[in-house]
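In what follows, a single structure is set out as structure tokens and then discussed.
Counting from 1, the numbers follow the sequence of the chain as shown. Whatever order the structure lists them in is the order used to number ligands and atoms, beginning at 1.
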Amino acid sequence: MQIALNGGAPLRRQEFPAWPQYDSTEEDALHRALHQGQWWRMSGREVEAFEAEFAAHHDAPFAVAVTNGTHALEVALMAAGVGPGAEVIVPGFTFISTSMAVQRVGAVPVVADVDLETYCLDPASVEAVITPRTRAIIPVHMSGHFADMDALQALCDRHDLILIQDAAHAHGAAGRGGRKVGAWGSMACFSFQNFKLMTAGEGGMILCPDQETRDRVFLYANCGRPAGDRAYQHVVLGSNYRISEFQAAVLRCQLARLDAQTDRREANAAVVMQALESVPGIIPQAHAADAVRHPHYMFMVRLDRTRYPDIDRNRLVDALVAEGLPAFRAYQALYRIPAFHLAPTCGINVETLARQCPATEAIAADAVWFHHRALLGTPGDALDIVRALEKVLAAEELLAPVAA
Ligand SMILES: *Cc1c(COP(=O)(O)O)cnc(C)c1O
């Protein structure tokens, strides 16, 4: 069979549902924000309303909206008092913002490995890298799958550490017992970048477990200035991380759609998982029973190298894209990215870190992810993930590494 990468007909000629999704409710919201005549949070109503709605949706007492998810992590770290001299433990497998935010506040990111099945932080690996300088742990709910929060919280309690959730993939997610992101007693940072599960192109949010944390987060995000101040008081070294009224107006509409979209993605993901059981050599990211609500920011699979030792993962992604799938390479291991080794850095070389993170190595090298819009159509659309994998894997010899 000819695959599309080699000039054959693509599996899909029809696009998956577009992302982002919007309709006249976003248009109306933008007009509403426009006609307030005031477009920043200090005199408009949209940001405050969005914070209240987003907090309630995630069972958090408070929320502060900011410019983007990277900044959300920076502000949360600053509000937690994490700075120079501190170490912060992050998963080796994540988007760069998780560690770059740590560096931006002057602290040292220290990587721990993830679990090979769930792709989320492995508590045993975290424990192995705790030192007297460790101040915080940032688990990522990878692709929306909840990290092992109980084990990580227990580590934090035992070692007097701060837990900050990187929830950039986890809008509407719930962990053990159905507990949502805001119900775990820690700050949680979200992104509203264009790809994410809700979006205004850019945007971010920090859920806060209590009023005191909320007020400190607000200060850092507002040039160090308390709300209502008229005397130019700037009491901490913050910056301007404020989001605009237009973004918040759009995000209120996006939040209203989240539950229905999540229902659809969960149903379609279950269909795809089931179908993949009969595809040897493809291992999907596991869905543990205590990840009760999994919004599936990404649908991730990895090659079983015992079955497919010779496939070039990047060619596999190219082949899937050619078939009409929104497929991407998995993130690089953090410690293989140059910025990770710029100061402040742990100073440990790549080879040593790679040895400490075997699961991160395997996932980063062998995983492929599909954007969640592939799960937003019919079950038949979603099954094209499986059909495309089967089609291109049948042409295994065409997916070998190309000589440079
Ligand atoms: C997208 C993302 C971020 C950063 O969000 P931005 O809004 O793009 O700055 C942080 N962490 C993870 C895991 C992400 O995927």
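- Ring orientation note: the planes of Tyr297 and His372 are tilted relative to one another, at an angle of 30° to 60°.
- Results of the ring-ring contact (aromatic ring centres under 6.0 Å, His included) test with Phe328 over Phe370, Phe299, Phe195 single out Phe195 as the only residue that passes.
- In terms of the ring-ring contact (aromatic ring centres under 6.0 Å, His included) criterion, residue partners of His171 (sequence neighbours excluded) are, by chain and number, Phe190, Phe192.
- Heavy atoms of His169 found under 4.0 angstrom from ligand 1 belong exclusively to the side chain.
- Near Asn68, with a cut-off below 4.0 Å to any heavy atom, the atoms of ligand 1 are 7 (O), 9 (O).
- Among the candidates Tyr331, Tyr335, Trp369, the single residue satisfying the ring-ring contact (aromatic ring centres under 6.0 Å, His included) test with Phe93 is Tyr331.
- Of the heavy atoms in Lys196, only side-chain atoms (C-beta onward) come closer than 4.0 Å to ligand 1.
- The aromatic rings of His287 and His145 sit perpendicular, their planes meeting at an angle over 60°, well past the 30° parallel limit.
- Within the 4.0 Å heavy-atom criterion, the part of Asp166 lying near ligand 1 is the side chain and not the backbone.
- The ligand atoms of ligand 1 that sit less than 4.0 angstrom from a heavy atom of Gln193 are 7 (O), 8 (O).
- For the residues Ser143, Ser191, Ser97, Gly204, the heavy atom positioned nearest atom 5 (O) of ligand 1 is part of Ser191.
- Shown here are the ring-ring contact (aromatic ring centres under 6.0 Å, His included) partners of His71, two or more places apart in sequence or in another chain: Tyr241.
- Counting heavy atoms under 4.0 Å from ligand 1, residue Tyr331 touches it through the side chain alone.
- Between Ala168 and ligand 1, no pair of N/O atoms sits closer than 3.5 Å.
- The shortest N or O to N or O distance between Thr94 and ligand 1 is not under 3.5 Å.
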